[in-house]
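Notes follow once the structure below has been shown.
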Amino acid sequence: MAAETVKAVTSKSMALAKAINESLRRALDTDPKVLVMGEDVGKLGGVFRVTDGLQKDFGESRVIDTPLAESGIVGTAIGLALRGYRPVVEIQFDGFVFPAYDQIVTQLAKMHARSLGKVKLPVVVRIPYGGGIGAVEHHSESPEALFAHVAGLKIVSPSNASDAYWMMQQAIQSDDPVIFFEPKRRYWDKGEVNTEAIPGPLHKAKVVREGTDLTLAAYGPMVKLCQEVADAAAEEGRNLEVLDLRSVSPIDFDSIQASVEKTRRLVVVHEAPVFFGSGAEIAARITERCFYHLEAPVLRVGGYHAPYPPARLEEEYLPGLDRVLDAVDRALAY
């Protein structure tokens, strides 16, 4: 009874977007050096309302509406971090990040090494990413591999409300820059969040469904799809394991290896194009590590090597249930 009472007090059901809002609120409340910056994050509360109410409660000097200048937003955050602040900046949409790419790659990622470890830049760059919302051009990109290729950056992406809350807390507390990819198509998915829990390591993968026949590895928006695939496969007597990677850089290869050594087959799923995507690195590493355990080649499912299409065609572009099940069928056919 006591445990149930504690759960009732500390665990709440909330949408993923609300979980990020609550996490930012907690960080702003507990650390006066935390700042939130970005286009329309203040009075409007962000285009997805992720920062709703924060400026009202913490003031315009802590939650800052910036000009429409992504390079300036990130550059200013770097300067603030050099002065001891912990800025959390929002890039309004994934496709808007490229004007800031120079600041992120040449300054944010390099300063710690450039200063021989003397300078730390605790900056979080929030990027709503991915498709599935019927948006126009530059609003549905998945550019995580472009950042994962750059040493000096941590790249993470939660798939559920609980992880969104705690991974944001850990990202803000990190002394290294973190690119925090938020799966915008999952913003309204609800889940239980225990705000008094003790979170696991930020870059540790999680088995969200146990299985024995094949491992589905994904992160961010594709984890829910992989769970749906596992449900569909179960109707045909197939027992699939679903692994939420949670982190794209670093990648928890040990957890992937442990799962593959059990299931002997691996399918990696992400929204980003398959060509030079994160799945390619995972496939190569796991083939090296698990060569004598694999009973089929590691397969990848993702977007096509083409510009993101207009909204009416995006369901053909994005990985869906049938495309992932086809990969499962091919892997199990070996």
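All values below come from the heavy atoms of this structure, side chains included, with hydrogens, waters and symmetry mates left out.
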- Below 4.5 Å, heavy atoms only, C-beta onward: do Leu24 and Ile172 meet side chain to side chain? yes
- Item | Leu153 side chain reached by Val125 side chain, heavy atoms, under 4.5 Å | no
- Task: Would you check if there is a donor-acceptor pair between the side chains of Gln257 and Arg285 at a distance under 3.5 Å?
- Result: no
- Query: Taking Glu314 for the side chain and Gly132 for the main chain, is one N or O donor matched with an acceptor at less than 3.5 Å?
  - Reply: yes
- Does Val193 sit in a hydrophobic cluster with other residues, and if so which ones, taking ILVMFWY side chains as linked at heavy-atom separations under 4.5 Å, directly or through other members? Met14, Tyr165, Trp166
- Would you check if there is a donor-acceptor pair between the side chains of Thr215 and Glu241 at a distance under 3.5 Å? no
- Output every pair passing ring pair (Phe, Tyr, Trp, His ring centres under 6.0 Å) with a member in residues 13-37, not counting sequence neighbours, ordered by first then second residue. none
- Message: Please enumerate all residues that pass salt bridge (Lys or Arg N to Asp or Glu O under 4.0 Å) together with Glu90, with sequence neighbours excluded.
- Response: Arg126
- Of all heavy-atom pairs linking Val242 and Ala230, the shortest is CG2-CB, 3.9 Å
Side-chain atoms of residues 267-274: list all donor-acceptor pairs with protein atoms under 3.5 Å, sequence neighbours left out, distances to 0.1 Å.
unit_1: His270; atom_1: ND1; unit_2: Ala272; atom_2: O; d: 2.9
unit_1: His270; atom_1: NE2; unit_2: Gly279; atom_2: N; d: 3.1
unit_1: Glu271; atom_1: OE1; unit_2: Gly131; atom_2: N; d: 2.8
unit_1: Glu271; atom_1: OE2; unit_2: Arg185; atom_2: NH1; d: 2.8

- Message: So, using ring pair (Phe, Tyr, Trp, His ring centres under 6.0 Å) as the criterion, who are the partners of Phe98 when residues are at least two apart?
- Response: none
- For Tyr129, all residues meeting ring pair (Phe, Tyr, Trp, His ring centres under 6.0 Å), sequence neighbours excluded: Phe181
- Which pairs with one or both residues in residues 65-89 pass ring pair (Phe, Tyr, Trp, His ring centres under 6.0 Å), sequence neighbours excluded? none
- Item | Closest contact, heavy atoms only, His203 versus Asp252 | O-CB, 3.5 Å
- Side-chain (Thr76) to main-chain (Gly72) donor-acceptor, under 3.5 angstrom: yes
- Taken to the nearest 0.5 Å, the spacing of Asp163 CG from Ser157 OG works out to 10.0 Å
Donor-acceptor list for residues 320-330 side chains, cut-off 3.5 Å, not counting sequence neighbours:
unit_1: Arg323; atom_1: NH1; unit_2: Gly302; atom_2: O; d: 2.6
unit_1: Arg323; atom_1: NH1; unit_2: Tyr317; atom_2: O; d: 3.3
unit_1: Arg323; atom_1: NH2; unit_2: Glu316; atom_2: O; d: 2.8
unit_1: Arg323; atom_1: NH2; unit_2: Tyr317; atom_2: O; d: 2.9
unit_1: Arg323; atom_1: NH2; unit_2: Leu318; atom_2: O; d: 2.9
unit_1: Asp326; atom_1: OD2; unit_2: Arg330; atom_2: NE; d: 3.2
unit_1: Asp329; atom_1: OD1; unit_2: Arg238; atom_2: NH1; d: 2.3

- Task: Mind running salt bridge (charged side-chain N to carboxylate O under 4.0 Å, His left out) on Asp29 and Arg62 for me, showing each step along the way?
- Result: CA-CA 10 Å; Asp29 189 49; Arg62 301 283 307 284; over 6 Å; no
- Task: Give a yes or no answer on whether the side chain of Arg246 reaches the backbone of Ala205 with a donor-acceptor pair at less than 3.5 Å.
- Result: no
- Query: Short question: side chain of Asp102, backbone of Ser71 - any donor-acceptor pair under 3.5 Å?
  - Reply: no
- Task: Enumerate the residue pairs fulfilling salt bridge (charged side-chain N to carboxylate O under 4.0 Å, His left out) with a member in residues 166-177, sequence neighbours excluded, ordered by first and then second residue.
- Result: Arg86-Asp175, Lys120-Asp175, Lys154-Asp176
- Task: Determine whether Gln107 and Arg114 make a side-chain contact, defined as any pair of heavy atoms from C-beta on separated by less than 4.5 Å.
- Result: yes
- Item | Set of residues satisfying ring pair (Phe, Tyr, Trp, His ring centres under 6.0 Å) with respect to Tyr101, sequence neighbours excluded | Phe147
- Task: Can you see which heavy atom on Ala161 is nearest to which on Ala19, and at what distance?
- Result: O-CB, 3.3 Å
- Message: Within this structure, what is the NZ-CG distance for the pair Lys206 and Asn160, rounded to the nearest 0.5 Å?
- Response: 6.5 Å
- Message: Could you check whether any side-chain heavy atom of Ile282 comes within less than 4.5 Å of a side-chain heavy atom of Leu266, counting everything from C-beta outward?
- Response: yes
- Note on the structure: Nearest heavy-atom approach of Leu216 to Cys226 is CD1-O, 3.6 Å
- Message: Show every side-chain hydrogen bond (donor to acceptor under 3.5 Å, both in side chains) that has at least one partner inside residues 134-145, sequence neighbours left out.
- Response: Glu144-Tyr219
- Donor-acceptor under 3.5 Å (Asp189 side chain, Leu16 main chain): no
- Is any side-chain heavy atom of Lys184 closer than 4.5 Å to a side-chain heavy atom of Asp94? yes
- Item | Spacing of Leu54 atom CG and Ile64 atom CD1 [to the nearest 0.5 Å] | 12.5 Å
- Task: Nearest 0.5 Å please: distance from the NE2 atom of His149 over to the CD atom of Glu281.
- Result: 10.0 Å
- Measure from the side-chain N and O atoms of Lys110 to the backbone N and O of Val105, and report whether any donor-acceptor pair falls under 3.5 Å. yes
- Query: Between the side chain of Glu295 and the main-chain N/O of Arg265, is any donor-acceptor distance below 3.5 Å?
  - Reply: no
- Side-chain contact, heavy-atom cut-off 4.5 Å: Gln55 with Asp65? yes
- Query: To the nearest 0.5 Å, what is the distance between NZ (Lys118) and CE (Met111)?
  - Reply: 14.0 Å
- Item | Student check: side-chain heavy atoms of Gln173 and Val34 closer than 4.5 Å | no
- Give a yes or no answer on whether the side chain of Asn21 reaches the backbone of Asp52 with a donor-acceptor pair at less than 3.5 Å. yes
- Item | Separation of Leu108 CG from Ile78 CD1 (nearest 0.5 Å) | 5.0 Å
- Would a 4.5 Å heavy-atom cut-off, applied to side chains only, mark Ser159 and Pro183 as touching? no
- Taking only residues two or more places apart in sequence or in another chain, which ones pass ring pair (Phe, Tyr, Trp, His ring centres under 6.0 Å) with Phe48? Phe93, Tyr187
- Task: Compare every heavy atom of Ala311 with every heavy atom of Ala135, then report the nearest pair and how far apart it is.
- Result: O-CB, 3.9 Å
- Work out which heavy atom in Gly46 is nearest to a heavy atom in Thr51; give both atom names and the distance. N-OG1, 3.5 Å
- Query: Short question: side chain of Thr263, backbone of Asp213 - any donor-acceptor pair under 3.5 Å?
  - Reply: no
- Query: Does Arg26 use its side chain to pair, donor to acceptor, with the backbone of Thr195 at less than 3.5 Å?
  - Reply: yes
